[in-house]
Amino acid sequence: MQSSSTMQKIMIIGCSGAGKSTLSRKLHETLHIPVIHMDAHFWQANWQATEDEEWDRQVEAFAQADCWIIDGNYGRTMDIRIQHADTIIYLDMPRWLCLYRVIKRRIQYHGKSRPDMNAGCNEKIDWAFIKWIWNYRKRSRLQTLERLRKVEGDKQIITIRNSQQLHTFLKQLSTSSVIV
């Protein structure tokens, strides 16, 4: 167990549609720690990616701050965030749920940008993105779990595998300020 007062640098990772941005906002409401949505910083208007060197500098600057909630994967810079985080939350949600949520948000934000995205990045979905989500478990999950195994003695790692576990986690956090 770790009290919420020791949670100052919280990293949230998982497949697209797993609920990273939503969880970040809920944690912010409870803990009053600033949120950094990585997508909002990486993607410039019209879905233009930030150059690698500039991105690395930004992620390092984010990680150096005193407290934060950072959501997003970005595997190339994941180790920077892992190094600085005290808590890592891995949303290991079923792929059908991730797909459902991505389709739902595409409908919800049709013709506009989500709150966790940069302006000018209107919500979109295509077959390549659906395939990316569908294949996340076999492409990225094992590497992510291995990275987490390497730091499990040094970092608090919370793996959430379904909506009920997420609900229980948030309820525990809001009622007792203690995380299991």
Side-chain angles (χ1 to χ4, degrees), residues 1-43 50-95 97-98 116 132-133 135-180:
M1 271 196 218
Q2 186 171 5
S3 75
S4 61
S5 63
T6 60
M7 292 176 59
Q8 297 297 309
K9 295 184 176 189
I10 305 166
M11 179 176 162
I12 302 174
I13 54 178
C15 184
S16 298
K20 297 180 299 293
S21 297
T22 301
L23 177 57
S24 294
R25 285 190 297 273
K26 289 179 179 180
L27 289 176
H28 167 74
E29 292 166 8
T30 302
L31 302 173
H32 309 290
I33 295 173
V35 174
I36 300 166
H37 299 292
M38 293 188 74
D39 282 345
H41 296 275
F42 181 79
W43 295 109
T50 299
E51 296 290 331
D52 286 351
E53 193 173 298
E54 172 60 23
W55 182 238
D56 293 350
R57 280 195 299 272
Q58 284 184 39
V59 172
E60 188 63 47
F62 297 151
Q64 294 288 337
D66 290 337
C67 61
W68 41 257
I69 299 166
I70 298 179
D71 70 48
N73 289 315
Y74 295 89
R76 197 174 56 73
T77 60
M78 190 178 286
D79 290 334
I80 294 169
R81 288 169 282 132
I82 287 173
Q83 177 186 354
H84 293 278
D86 55 54
T87 304
I88 303 166
I89 302 173
Y90 180 37
L91 297 178
D92 191 16
M93 299 297 194
R95 66 179 163 189
L97 181 60
C98 296
D116 56 308
W132 190 92
I133 294 166
N135 291 321
Y136 172 84
R137 290 185 76 80
K138 89 175 151 182
R139 182 195 62 251
S140 302
R141 183 175 183 268
L142 292 178
Q143 295 96 326
T144 298
L145 290 172
E146 183 56 32
R147 281 176 160 162
L148 298 180
R149 267 189 225 100
K150 289 178 182 176
V151 297
E152 61 188 358
D154 301 325
K155 312 287 179 178
Q156 176 178 218
I157 299 171
I158 301 165
T159 301
I160 298 173
R161 292 186 173 87
N162 59 53
S163 297
Q164 182 58 45
Q165 286 180 353
L166 181 59
H167 175 75
T168 300
F169 168 74
L170 289 170
K171 187 174 180 180
Q172 286 176 337
L173 183 61
S174 67
T175 58
S176 67
S177 296
V178 174
I179 300 174
V180 282

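Starting from 1, each residue takes its place in the sequence as its number. Please read these numbers as outputs of a predicted model, since none were measured by experiment.
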Aromatic plane relationship, Phe62 with Trp55 - under 30° parallel, 30 to 60° tilted, over 60° perpendicular: perpendicular
Residues Arg149, Glu152: salt bridge by 4.0 Å N-O rule: no
Presence of salt bridge, Arg161 and Asp92, under 4.0 angstrom: yes
Glu53, CD: over 12 other non-hydrogen atoms inside 6.0 angstrom: no
Residue pairs passing the side-chain hydrogen bond (donor to acceptor under 3.5 Å, both in side chains) test where at least one lies in residues 26-37, sequence neighbours excluded: His37-Asp71
Glu51 atom CD: more than 12 heavy-atom contacts under 6.0 Å: no
Heavy-atom side-chain contact between Asn73 and Ser140 under 4.5 Å: no
Heavy-atom check, side chain of Ser16 versus side chain of Cys98, under 4.5 Å: no
Minimum side-chain heavy-atom gap Met93-Ile160 below 4.5 Å: yes
Closest approach of Ile13 to Gly72 (non-hydrogen atoms, all atoms of both residues): CG2-O, 3.4 Å
Contact check, side chains of Met11 and Tyr90, non-hydrogen atoms, under 4.5 Å: no
Lys9 side chain near Arg81 side chain, heavy-atom distance below 4.5 Å: no
Any side-chain donor near an acceptor of the partner, Gln164 and Thr168, under 3.5 Å: yes
Sub-4.5 Å side-chain heavy-atom contact between Asp56 and Arg76: yes
Close side-chain approach of Thr144 and Tyr136, heavy atoms under 4.5 Å: yes
